[in-house]
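Everything numeric in this text was worked out from a predicted model, so none of it was measured. Throughout, residue positions are numbered sequentially from 1 according to the sequence presented.
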Amino acid sequence: MKILARHLTHHMLQPLLYLLLTFSLLFIIADLTNHGEDFYRYKLSLRTIATYYSWQLPSMVVITIPICLLLATLYSLSQLTRSSEITAMRASGISLNTLLKPYLAIAIAALLLTTFINEWLSPQYSYQAHQLIQQEKESTTPPRTEPIAYRNPTIGHTWTIEKIDPRTYTLHGITLRQQRPDGTDQQKITATKAYWLDRHWWFEDGTLQAFNQQSNLMGKPQPFQIREMRNLPESPEDFLGESKDPAHLSALQLRHYIQNHLFLSSKTLAGYRVDFHHKLATPFVCLLAVLLGIPIGNHTGRRGSLPGILLTLVLFFGYYATQFTTQYLARKELISPALGSWLPLILFLLIALLMIRKMR
């Protein structure tokens with residue numbers, strides 16, 4: 001059985017790797033047509049462009065791996081069926097469950113890999129790729145000089161900022177008041193400058209003044225030269241009036257962002273909640289791709305490949321069309337965000353399982 005499992009796994013992994021490489025190259029070519037003019041305009045070196053696409057690679061894998069799994073499953077099973085290997089295996093007493101285990105193992109491994117990339121690699125590196133391009137635009141984006149007042153009532157933060165440079169996300173003349181849940185002042189922090197590094201704030205040349213429960217001063221202000229502010233949830237996009245880009249956040253970070261921004265409009269929060277559930281559901285598309293490919297790949301080997309491939313692609317892209325529709329309804333607050341993201345996946349998983357059941 002170990003020899004059989006290795007044979008089936010090798011038969012699946014070889015086309016999968018070729019497909020991942022091919023689709024990644026196609027993704028890069030398509031992106032070059034979109035950003036190539038910017039690369040030329042800002043005179044980026046080949047090394048910078050290579051760095052940009054190396055940071056974009058995790059996001060590319062998340063997007064391309066489901067379709068690669070689907071096509072690899074179709075190819076593998078259709079080839080095995082056409083050469084009568086599946087028939088010989090079944091005739092020798094090997095159960096269908098045994099034959100499917102290597103494919104399901106690959107699907108689960110891809111699911112776990114996609115989850116890891118989605119949560120830890122893609123947000124970090126896609127953000128760095130975005131920042132790399134933004135840094136090249138510094139010379140063309142004028143700094144914002146008007147004062148900014150920002151209030152985060154969820155956690156009782158009130159910011160006053162003299163000016164902000166959107167090119168480097170540097171704040172000047174900062175006063176931050178932090179209040180307790182009962183509305184009393186907890187502390188006031190002032191700083192000459194603040195820098196956005198490693199996704200949190202660093203305050204420079206400032207003071208920290210604490211207050212007691214009656215909002216009275218507690219001692220003298222404590223001066224500091226550099227202070228790391230890891231516990232501040234506000235980001236430069238908040239002060240610039242820009243929406244948070246979910247592509248730069250993991251599901252956990254997005255959940256934390258939602259909890260700290262409940263004062264936003266219900267429509268905006270619905271959009272963020274849809275993005276949160278979408279990030280959770282995305283890895284399971286790997287399992288759906290393999291489960292759809294198994295029955296149709298087995299069928300195509302006996303009856304011809306073109307109708308089966310077309311049917312699989314219709315079902316697979318039908319899933320994405322259904323997902324787009326339900327998520328659109330969720331963003332419009334017509335259905336819940338969880339239903340909008342999970343209903344298409346559950347529906348098409350049931351369809352795939354029913355098709356596999358008919359193989360027995």
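Residues Leu74 and Gly293 share a closest heavy-atom pair of CD2-O, 3.9 Å. Minimum heavy-atom separation, Thr81 to Gly297: OG1-O, 4.2 Å. Closest of all the heavy-atom pairs between Leu71 and Leu19 is CB-CD1, 3.7 Å. Minimum interatomic distance between Gly340 and Gln327 (heavy atoms only, all atoms of both residues): O-CG, 3.5 Å. Summarising the geometry of Ala270 relative to Pro337, their closest heavy-atom pair is O-CG, 4.2 Å, with the distance given to 0.1 Å. Ala289 and Leu69 make their closest contact through CB-CB, 4.2 Å (heavy atoms, listed as atom of the first residue, atom of the second, distance).
A donor-acceptor distance shorter than 3.5 angstrom exists from the side chain of Thr33 to the backbone of Ala30, with no hydrogens or angles considered. Side-chain atoms of Lys279 do not come within 3.5 Å of backbone N or O of Leu254 as any donor-acceptor pair. Although no hydrogens or angles enter the test, the distance criterion places no donor-acceptor pair under 3.5 Å between the side chain of Ser76 and the main chain of Ala72. Judged purely by atom type and a 3.5 angstrom limit, Thr192 uses its side chain to pair as donor or acceptor with the backbone of Asp205. In terms of modelled atom types and a separation under 3.5 Å, the side chain of Ser92 and the main chain of Met89 share a donor-acceptor contact. In terms of modelled atom types and a separation under 3.5 Å, the side chain of Arg180 and the main chain of Asp185 share a donor-acceptor contact. At distances below 3.5 Å, not a single donor-acceptor pair connects side-chain atoms of Thr9 with backbone N or O atoms of Arg6. A side-chain donor-acceptor contact under 3.5 Å links Glu119 to the backbone of Ala251.
Within 6.0 Å of CG on Leu46 lie no more than 12 heavy atoms contributed by other residues, nucleotides or ligands. Under a cut-off of 6.0 angstrom, the local environment of OH in Tyr150 is crowded, with over 12 non-hydrogen atoms contributed by other residues, nucleotides or ligands. The environment of OH in Tyr53 is crowded: more than 12 heavy-atom neighbours from other residues, nucleotides or ligands sit within 6.0 Å. By the 6.0 Å contact criterion, CG on Asn216 is enclosed, its count of non-hydrogen atoms from other residues, nucleotides or ligands being greater than 12. Atom CZ of Phe316 has more than 12 neighbouring heavy atoms from other residues, nucleotides or ligands inside a 6.0 Å radius. In the displayed structure, Phe224 atom CZ is contacted under 6.0 Å by more than 12 heavy atoms of other residues, nucleotides or ligands. Atom OH of Tyr320 has more than 12 neighbouring heavy atoms from other residues, nucleotides or ligands inside a 6.0 Å radius. By the 6.0 Å contact criterion, NE2 on His7 is enclosed, its count of non-hydrogen atoms from other residues, nucleotides or ligands being greater than 12.
Between the side chains of Asn97 and Ser95, not a single donor N or O lies within less than 3.5 Å of an accepting N or O. His11 and Glu85 share no donor-acceptor pair across their side chains, judged by distance under 3.5 Å alone. Of the N and O atoms on the side chains of Asn152 and Glu234, at least one donor lies less than 3.5 Å from an acceptor on the other residue. Defined by atom type and a distance below 3.5 Å, a donor-acceptor pair is present between the side-chain atoms of Tyr319 and Gln323. No side-chain N or O of Gln178 forms a donor-acceptor pair with one of Gln186 less than 3.5 Å apart.
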Q: Would you please test Leu121 and Leu57 for side chain to side chain contact (heavy atoms under 4.5 Å, CB included) and show each step?
A: CA-CA 10 Å; Leu121 297 184; Leu57 187 61; over 6 Å; no

Q.
Between Trp201 and Trp196, is the side chain to side chain contact (heavy atoms under 4.5 Å, CB included) condition met? List the steps.
A. CA-CA 5 Å; Trp201 291 108; Trp196 181 250; 3.5 Å; yes

(Q) Test side chain to side chain donor-acceptor pair (under 3.5 Å) on Ser122 and Ser59; report intermediate values, then the result. (A) CA-CA 5 Å; Ser122 182; Ser59 300; 2.8 Å; yes

Q.
Working note: Gln214 + Thr184, criterion side chain to side chain contact (heavy atoms under 4.5 Å, CB included); need CA distance, chi angles, decisive distance, verdict.
A. CA-CA 7 Å; Gln214 290 74 40; Thr184 59; over 6 Å; no

Q.
If you apply the rule side chain to side chain contact (heavy atoms under 4.5 Å, CB included), what do you find for Arg199 with Leu249, and how did you get there?
A. CA-CA 11 Å; Arg199 301 190 65 78; Leu249 296 175; 3.3 Å; yes

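A salt bridge links Arg331 with Asp275: the closest approach of a Lys/Arg side-chain nitrogen to an acidic carboxylate oxygen falls below 4.0 angstrom.
Here the CH2-CG distance, from Trp342 to Leu349, works out to 9.5 Å after rounding to the nearest 0.5 Å. The CZ atom of Phe348 sits 11.0 Å away from atom CG of Leu350, with the distance rounded to the nearest 0.5 Å.
Counting heavy atoms from C-beta outward, Thr190 and Phe203 have side chains that stay 4.5 Å or more apart. Taking the side chain as every heavy atom from C-beta outward, Asp165 and Lys163 never approach each other to under 4.5 Å.
When hydrophobic clusters are built by joining Ile, Leu, Val, Met, Phe, Trp and Tyr residues whose side-chain heavy atoms come closer than 4.5 Å, directly or via intermediates, Leu353 is grouped together with Ile106.
Here Tyr272 and Phe276 keep their ring centres 6.0 angstrom or further from each other.
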